[in-house]
Amino acid sequence: MSAQSAAASTTPDHYDVVVVGAGFAGMYMLHRLRGLGFTARVYEQGSGVGGTWYWNRYPGARCDVESMQYSYSFSEELQQQWTWTERYAPQPEILQYANHVADRFDLRRDIQFDTRVARAVFDERGNIWSVTTSDGKTVTARFVVLATGCLSNARKPDIKGLDRFTGKIYHTGHWPHEPVDFTGQRVGVIGTGSSGIQSVPVIAEQARHVTVFQRTAQFSIPARNAELTDEERNWFRANYPEVRRFAREEAKNGIYTEIPDRGALDDGDNERRAKFEARWQRGGLTFMSAYNNLALDKAANDTAANFVRGKIAEIVKDSATAKLLTPISYPIGTKRICIDTDYFATFNRPNVTLVDIKTNPIEEITETAVRSGGEDYELDALVLATGFDAMTGSVAKIDISGRGGQTLNQKWAEGPRTYLGLMTSGFPNLFVITGPGSPSVLSNMIVSIEQHVDWISDCLAYMRANALEMMEAERAAEDKWVAHVNEVASATLYPQADSWYMGANIPGKPRIFMPYIGGVGPYRQICNEVAAKGYEGFVMAGAEQKRKVAMS
Ligand code: N01
C-alpha cells in the first residue's frame, strides 16, 4: 500500500475531550474527566506540566497569593499532606507541586508534551472538532477545552534594533531552564510590572550593574515573605473547610481574608493611616482590601495611593529617583498591584540606575546598548519584563474555526465576547477555562480554575446523561453577559488605567476591560443558577436535533 493510501485509510484518534494546556487548569480538567469516565487527551507545548510556573523561571519569581491558599482544594489528602515552606512559594516549589500532582494522580499518560495545538475546526454536521497539532497529526474530539492560561503568551516589545543586540536577551515569561549567571555583567531590565519588580532586586544582588528602564511607575506593597511555621501550616490544615468555603463564596478575589465593612473616608485621618500602616506591615495583596471602596471611589483611592507614595518617598534616598518611582497617572490597584521584596530599596544600591523611558522613550537598541534620551546605556544582557498578550493571546495563536468557517480571531477582532467567560457563540462544544468575561486574573487563579473545571465537568456529565452532543452559547445571552461585564467594570476605577486588563499593553488591541469584576462568589452563584435552570442561555441538542439547530 502506498503511503498516501495508508494515510487516507487511517481514521484519526478520537477523544471525548481535547484539553489544550497542562497548567493548573488542564491538569485538574484531565483529573475530573478521567473520574467521570471520559476519554481525554491533553496537549502541552512545554516539556512539562505547570503552565505559567513552567515558563516563568526568572530570578525572584514567586506567587503573590499565599501558598496555603494558592493550591488545589479538590483533594483533602493533597492539601493535608503537601508542605509549603514559605508564605509565598517560590517558582521552583510551585513547579515541584505541579509535578507532584501530575504524578500523584497519574496524569502524564494522557498528556502529550512538546506539542502545540495549531488548529481546531468544528464540523457542524457531526458536532465534532478536528484538532491539528504541531507534529502534523489530527485527532477528533466531541469537546475542546482551552486551558491555555491568561498570562502565557510572553510578548517581546517591538523596539527598533532589538534583534541587533549582541548580548543575551531574556524574557521573564520565557526564562531558560539552565541557571543564568549575571555575575560581573551590566544588565538592563525593561519593564516594571510584577515580573520586573520581583526580579530587579535579585538580579541587582548578582550583577555588576542593573539599569531599569521604566515607562510607568508601579504601586507595590511589600510581600513580607517568611518561612511558614508549623503552627501556621497546621492552622490552615485544620481550618481548610472554612478557608476554602470563604474563598469560593464570600471573598471577592478568592482569598481568605477579612472583608472590609467601611469605606476609606468613613475613618478619620489617623485611624485610616493606622489601618494602611497595619496592612503595609502585614504585606501582600490584601492591602487593597483595607477598605471596601478603594476600587470604586477616586477620593477613597487617593488615600491609599498617597499612603504608598509616602512610603516610596521614605524608602528611596535620592529624591529625583523617588519621584520617578512614584506612580501618579492612574488610581492604585487599577493596574495589577505588585508585591515585592525590597524593590524600592534596591534603588538605593550604588549598582542600580533608573531610566525614565516615559519622558525619553527608547530610541533604539544597538549591538551593545539601549539608547534613550540620546544616551547609550551599555549592557551585557537585556531582560524583557514586558509582560503578556493577556487573556486572549494564547487562544489567538490557535487557528480556531467555528460555525460557517468563522474564526475566533475574526469574532473577537473587536474584543473578546463570551457568555460567562466559558463559551462563545458560533463555537459549539468549545470551553475556555478562566476566559475573558470571568473573574480569572482578578482572583486567586486556582479558586477560579477549580470552579470552571467543576462547572464544565458537571455540564459534560449532564449532557451525557441526557444524550446531548452539542452545546453553544446563545447570542442573546452572550450579548447580555458582555453588557453586564462592561457595566460592572465601568462602575469601577479600573478602566482609567492603561493596563493589560484593558489590552492597553498591546498596540492595536481593542480597549476593553476583559475580566469580570463582579467577584468570585456572585459569579459562582450565577454559574450555578444557569446550570440549575437547565443551562439557561445555552442551546443544547442531541444527535437527532443537531441538523435543525445548525440550520436555525
Ligand atoms: O507584565 P506587565 P508582568 N517599552 O504587563 C513595560 C502576573 N504576574 O510580566 O506599564 C517599554 O504587568 C510596561 O510598561 P507600561 C500578574 O498578574 C504575577 O510584569 O505598559 N516598556 C510594564 O512596566 C501581572 O500583572 C506574578 O507603561 C514596556 C512592563 O513592561 C502579570 O502577570 C509575577 C514595553 C510589563 O508589565 C503581568 O506581569 C509576575 C515597551 N515596548 C507576573 N512594553 C506573581 O504572582 C511593556 N513595557 C508574583
Side-chain angles (χ1 to χ4, degrees), residues 24 51-53 55-67 69-70 86-91 94 149-162 170-175 188-200 202 212-221 223 225 253 255 283-285 325 327-330 333-341 343 354-365 370 372 382-391 393 434 440-446 448 497-507 509 514-515:
F24 280 85
T52 196
W53 301 106
W55 298 106
N56 285 268
R57 297 162 183 251
Y58 58 84
R62 59 177 74 246
C63 186
D64 50 22
V65 174
E66 296 186 25
S67 324
Q69 299 203 52
Y70 189 84
E86 295 177 53
R87 181 178 177 192
Y88 299 98
Q91 173 271 335
I94 306 175
C150 295
L151 294 157
S152 45
N153 189 4
R155 197 183 73 89
K156 236 174 142 181
D158 190 11
I159 300 176
K160 187 178 161 199
L162 183 59
Y170 305 93
H171 193 295
T172 48
H174 217 117
W175 202 260
V189 179
I190 301 178
T192 53
S194 298
S195 306
I197 280 179
Q198 282 191 329
S199 57
V200 163
V202 182
V212 179
F213 297 92
Q214 172 191 277
R215 190 163 68 181
T216 309
Q218 263 282 16
F219 290 101
S220 188
I221 309 297
N225 187 36
N253 59 2
I255 298 175
L285 285 175
L325 285 168
I328 47 166
S329 56
Y330 57 95
T334 55
K335 273 163 101 74
R336 162 68 146 73
I337 197 141
C338 298
I339 305 300
D340 71 279
T341 299
Y343 176 67
L354 182 66
V355 176
D356 170 18
I357 56 169
K358 179 75 112 198
T359 315
N360 296 307
I362 296 174
E363 291 146 40
E364 66 177 311
I365 295 178
V370 169
S372 148
L382 190 54
V383 173
L384 304 174
T386 46
F388 303 87
D389 184 354
M391 304 211 69
T434 62
S440 63
V441 290
L442 297 174
S443 70
N444 177 349
M445 283 302 282
I446 300 197
S448 287
D498 288 333
S499 67
W500 57 258
Y501 295 134
M502 300 289 300
N505 62 326
I506 305 294
K509 194 165 172 173
M514 292 183 282

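Counting convention: from 1, in listed order, for ligands and their atoms alike.
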How long is the span from the [atom1] atom in [X] to the [atom2] atom in [Y], to the nearest 0.5 Å?
| X | Y | atom1 | atom2 | answer |
| --- | --- | --- | --- | --- |
| Met514 | Met391 | CE | CE | 6.0 Å |
| Lys156 | Asp158 | NZ | CG | 10.5 Å |
| Ile357 | Ser372 | CD1 | OG | 7.0 Å |
| Ile506 | Arg155 | CD1 | CZ | 4.0 Å |
| Ile337 | Ser194 | CD1 | OG | 9.5 Å |

Exercise for review: Check step by step if salt bridge (Lys or Arg N to Asp or Glu O under 4.0 Å) holds for Asp64 and Arg336.
Suggested key: CA-CA 11 Å; Asp64 50 22; Arg336 162 68 146 73; 3.0 Å; yes
Review point. Do Ser152 and Thr52 meet the criterion of a side-chain donor-acceptor pair at a distance under 3.5 Å?
Key: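 Side chains of Ser152 and Thr52: no pair found under 3.5 Å.
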**Study point:** Residue portion contacting ligand 1 (non-hydrogen atoms closer than 4.0 Å) for Phe213
**Key:**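 Phe213 to ligand 1: no contact under 4.0 Å from either part.
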Exercise for review: Would you mind telling me if ligand 1 is within reach of the side chain of Ala385, the backbone, both or neither, using heavy atoms under 4.0 Å?
Suggested key: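 Only the backbone of Ala385 comes within reach of ligand 1.
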Check your understanding: Taking the side chain from Ser199 and the backbone from Gly60, do they hold a donor-acceptor pair closer than 3.5 Å?
Key ->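 Between the backbone of Gly60 and the side chain of Ser199 there is no qualifying donor-acceptor contact (under 3.5 Å).
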Review point. Is there a donor-acceptor pair under 3.5 Å between the side chain of Asn153 and the backbone N or O of Gly393?
Key: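 Pair found, side chain donor or acceptor close to backbone of Gly393.
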N/O of [X] under 3.5 Å from N/O of ligand 1, yes or no?
| X | result |
| --- | --- |
| Asp158 | no |
| Asn505 | no |
| Lys335 | yes |
| Ser195 | yes |
| Asp64 | yes |

Within ligand 1, which atoms have a heavy atom of [X] less than 4.0 Å away?
| X | value |
| --- | --- |
| Thr192 | 22 (C), 23 (O), 29 (C) |
| Ile190 | 11 (C), 21 (N) |
| Ile357 | 11 (C) |
| Tyr58 | 33 (C), 39 (C) |
| Gln198 | 33 (C), 48 (C) |

What residue and heavy atom of the protein are closest to [atom], and at what distance?
| atom | result |
| --- | --- |
| atom 6 (C) of ligand 1 | Gly191 CA, 3.7 Å |
| atom 41 (N) of ligand 1 | Pro157 CB, 3.3 Å |
| atom 36 (O) of ligand 1 | Gly193 CA, 3.5 Å |
| atom 15 (P) of ligand 1 | Thr216 OG1, 3.5 Å |
| atom 1 (O) of ligand 1 | Gly387 CA, 3.1 Å |
| atom 18 (C) of ligand 1 | Arg336 NH2, 4.0 Å |
| atom 24 (C) of ligand 1 | Ser194 OG, 3.5 Å |
| atom 5 (O) of ligand 1 | Trp500 CD1, 3.5 Å |

Practice item. List the steps and the verdict of side chain to side chain contact (heavy atoms under 4.5 Å, CB included) for Trp500 and Val441. Key: CA-CA 11 Å; Trp500 57 258; Val441 290; 3.6 Å; yes
Check your understanding: Strictly under 4.0 Å, does any heavy atom of Val441 approach an atom of ligand 1?
Key ->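 In this structure, Val441 fails to qualify as a contact of ligand 1 - no heavy atom is under 4.0 Å.
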Exercise for review: Could you check which of Arg215, Arg155, Arg62 puts a non-hydrogen atom nearest to atom 4 (N) of ligand 1?
Suggested key: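 Among Arg215, Arg155, Arg62, the closest heavy atom to atom 4 (N) of ligand 1 belongs to Arg215.
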Exercise for review: Dump the intermediate steps for side chain to side chain contact (heavy atoms under 4.5 Å, CB included) on Leu162 and Leu382, then the final yes or no.
Suggested key: CA-CA 10 Å; Leu162 183 59; Leu382 190 54; 3.9 Å; yes
Practice item. For residues Tyr170 and Trp175, establish whether the separation of their ring centroids is below 6.0 Å. Key: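 For Tyr170 and Trp175, the ring centres are under 6.0 Å apart.
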Point to revise | Proximity of Phe219 and Tyr330 rings by center, below 6.0 Å | key: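 Between Tyr330 and Phe219, which both carry aromatic rings, the centre distance is below 6.0 Å.
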